[in-house]
Amino acid sequence: MRGREEALGRLMASCVPELPLEDPVLVVDDASGLVEAAFAARADVVGWRRTALAGCRALPWPPEVACAGASVRLPKGREAQDFVLSALAGRLAAGAPLWIHGANDEGIRSVGSRLESICEKVRVVAARRHGRVVEGRILPARAPRSLGEFRMTFDADLSGGRARLVSYPGTFAHGRLDEGSALLLQTLARWRPAGRVLDFGCGIGVLALGVRQLTADAELDLLDVDAAAMEAARENVPGARPLLGDGFSAVPSGLRYDWIVSNPPFHQGRSNDPGLARQLAREAPRHLAPGGQLLVVVPRAAPFGRWLTPHFGAIQTVARGPHHTVWHATNGGRGGAWCGRG
């Protein structure tokens, strides 16, 4: 995915020298760094990143700064797009330019029609084989909005009973309990994780809350890269410690867990991207106490067993669903069973 982000960043950056600019410009979710650099050469830049990649500060909502224009990396998914565009529409003055760049297979070709609710004079600024840049001018009388307006709740059956959960647009499985998490939650009831527990890639915190329902005194840490997901997780699992960052880099040095539970992401937009799951298999032993345990749900087609084998002595599949498998591994274990393919 890094190559795609760099290609799209270069596309947007190539347009900047010809754009009419006033200070400051809000640059949203520029994972490549190329867009911020291009705008910074001509104007003051305010950055807003919802994801805490490469150590960058992430926020669930744009900073309270009036901006004269904004550049946006097209979010993945319609709900996330509406969320970001609505946030910006209330932050920019009437007539301010809004530029959106993204890949064709992510929906950038249809974003123009969706912009018409908040923009006028929508046009394509640049187009290449796999992406394009779209510009619009903000319509007048856009009322400022707040993060709380996008807060929604839904009920779900977890490990120890039904719970009401908070969710925000663009978070994983927004407004519902996904099949993989449901399978892992059923499995948790057999294992009852206790002690210090990390929910790796926590999303809105459903696994951590399932652990708490089973083991009230478990010490819970929540780890995710998405600031809006973490905002929901704070509400769903009060008292748990939030760790906002990119994988294990956000875990305090030297900290060891008795359990790590996870439903790691496998998709970025329409592309498979198992990078975080492979990091989990590779690096989890360094973050588990001796005898510490890992419980992970992954798609059945993923070769997760092969990823675990070099790093754990005892691994096994402990549950299967129509599309997912739950793997269990013990840190420092020996001679464990490895069931099934993977």
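Note that the numbering runs from 1 along the sequence shown for the chain.
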Practice item. Report the C-alpha separation of D224 and F172 in whole Å, then their side-chain angles, then the decisive distance to 0.1 Å, and conclude whether the side chain to side chain contact (heavy atoms under 4.5 Å, CB included) test is met. Key: CA-CA 11 Å; D224 206 276; F172 174 65; over 6 Å; no

Exercise for review: Look at the side chain of Q293 and the backbone N and O of W259, then say whether any donor-acceptor pair between them is shorter than 3.5 Å.
Suggested key: no

Exercise for review: Would you kindly confirm whether V326 and L280 end up in one hydrophobic cluster when ILVMFWY residues are joined by side chain heavy atoms under 4.5 Å apart?
Suggested key: no

Check your understanding: If you take all heavy atoms of L139 and S117, which pair is closest and at what distance?
Key -> CD1-O, 3.9 Å

Listing, residues 53-66 side-chain donor-acceptor contacts under 3.5 Å, not counting sequence neighbours, or none:
none

Review point. Is a side-chain donor or acceptor of N331 paired with a backbone partner of A289 at a separation under 3.5 angstrom?
Key: yes

**Study point:** L74 with V122, same ILVMFWY side-chain cluster at under 4.5 Å
**Key:** yes

Practice item. Ignoring hydrogens and angles, state whether a donor on the side chain of D246 or S249 is under 3.5 Å from an acceptor on the partner side chain. Key: no

Exercise for review: Could you state whether L198 and L222 fall into the same hydrophobic cluster, counting links through intermediate Ile, Leu, Val, Met, Phe, Trp or Tyr residues with side-chain heavy atoms under 4.5 angstrom apart?
Suggested key: no

**Study point:** Expected output: side-chain T215 to main-chain P193 donor-acceptor under 3.5 Å
**Key:** yes

Point to revise | Residues that, via side-chain heavy atoms closer than 4.5 angstrom, fall in one hydrophobic cluster with L34 | key: none

Check your understanding: R50 side chain to V225 main-chain N or O, any donor-acceptor pair under 3.5 Å?
Key -> no

**Study point:** Check: E179 side chain, H323 main-chain N or O, donor-acceptor pair, under 3.5 Å
**Key:** yes

Point to revise | Pair D155-R164, salt bridge (charged side-chain N to carboxylate O under 4.0 Å, His left out): steps then yes or no | key: CA-CA 4 Å; D155 294 329; R164 176 152 292 184; 2.9 Å; yes

**Study point:** Residues clustered with V25, ILVMFWY side-chain links under 4.5 angstrom
**Key:** L11, M12, V16, L19, L21, V27, V35, F39, V45, W99, V125, V133

Exercise for review: Begin from the C-alpha positions of I100 and L85 and carry the test side chain to side chain contact (heavy atoms under 4.5 Å, CB included) through to its verdict.
Suggested key: CA-CA 10 Å; I100 303 178; L85 294 177; 3.6 Å; yes

Review point. Between E135 and R123, is there a side-chain N and carboxylate O pair less than 4.0 Å apart?
Key: yes

Point to revise | Test item: T325 side-chain N/O and R300 main-chain N/O as donor-acceptor pair under 3.5 Å | key: no

Review point. If only atom types and distance count, is the side chain of H101 paired as donor or acceptor with the main-chain N or O of V134 below 3.5 Å?
Key: no

Practice item. Considering only NZ, NE, NH1 and NH2 on the basic side and carboxylate oxygens on the acidic side, decide whether D30 and R73 come within less than 4.0 Å. Key: no

Point to revise | Sidechain N-carboxylate O distance under 4.0 Å for D157, R162 | key: yes

Practice item. List in chain and number order the residues that pass salt bridge (Lys or Arg N to Asp or Glu O under 4.0 Å) with R151, two or more places apart in sequence or in another chain; answer none if no residue qualifies. Key: E235

Exercise for review: Could you give me the CA-CA distance, side-chain angles and deciding distance for C67 and L92, then say whether side chain to side chain contact (heavy atoms under 4.5 Å, CB included) is met?
Suggested key: CA-CA 6 Å; C67 293; L92 300 173; 3.9 Å; yes

Check your understanding: How are the rings of F83 and F150 set relative to one another: parallel (under 30°), tilted (30 to 60°) or perpendicular (over 60°)?
Key -> perpendicular

Check your understanding: Is the CZ atom of R109 crowded by more than 12 outside heavy atoms at less than 6.0 Å?
Key -> no

Review point. Under the 3.5 angstrom rule, does the side chain of R128 hit a backbone N or O of A7 as a donor-acceptor pair?
Key: no

Practice item. Is it possible for you to say whether M152 and L147 belong to one hydrophobic cluster, with membership spreading through side-chain heavy-atom contacts below 4.5 Å? Key: no

Exercise for review: State whether the number of non-hydrogen atoms from other residues, nucleotides or ligands found under 6.0 Å of E22 atom CD is greater than 12.
Suggested key: no

Review point. Taking NZ, NE, NH1 and NH2 as the nitrogens, is one of them in R196 or D258 under 4.0 Å from a carboxylate oxygen of the other?
Key: no

**Study point:** ring-ring contact (aromatic ring centres under 6.0 Å, His included) involving F200 - partner list, sequence neighbours excluded
**Key:** F248

Point to revise | Side-chain donor or acceptor of S181 paired with backbone N/O of L177 under 3.5 Å | key: no

Practice item. Take N236 and V206 through the side chain to side chain contact (heavy atoms under 4.5 Å, CB included) test and state the conclusion after the steps. Key: CA-CA 8 Å; N236 291 327; V206 294; 5.9 Å; no

Check your understanding: Linking I/L/V/M/F/W/Y whenever their side-chain heavy atoms sit closer than 4.5 Å, directly or via other members, would V197 and V297 fall into one cluster?
Key -> yes

**Study point:** Whether Q186 side chain and L183 backbone form a donor-acceptor pair below 3.5 Å
**Key:** no

Point to revise | Partner set under side-chain contact (heavy atoms from CB on, under 4.5 Å) for A163, not counting sequence neighbours | key: L158, L209, Q213

Check your understanding: Within a radius of less than 6.0 Å around CZ of R256, do more than 12 heavy atoms belonging to other residues, nucleotides or ligands occur?
Key -> yes

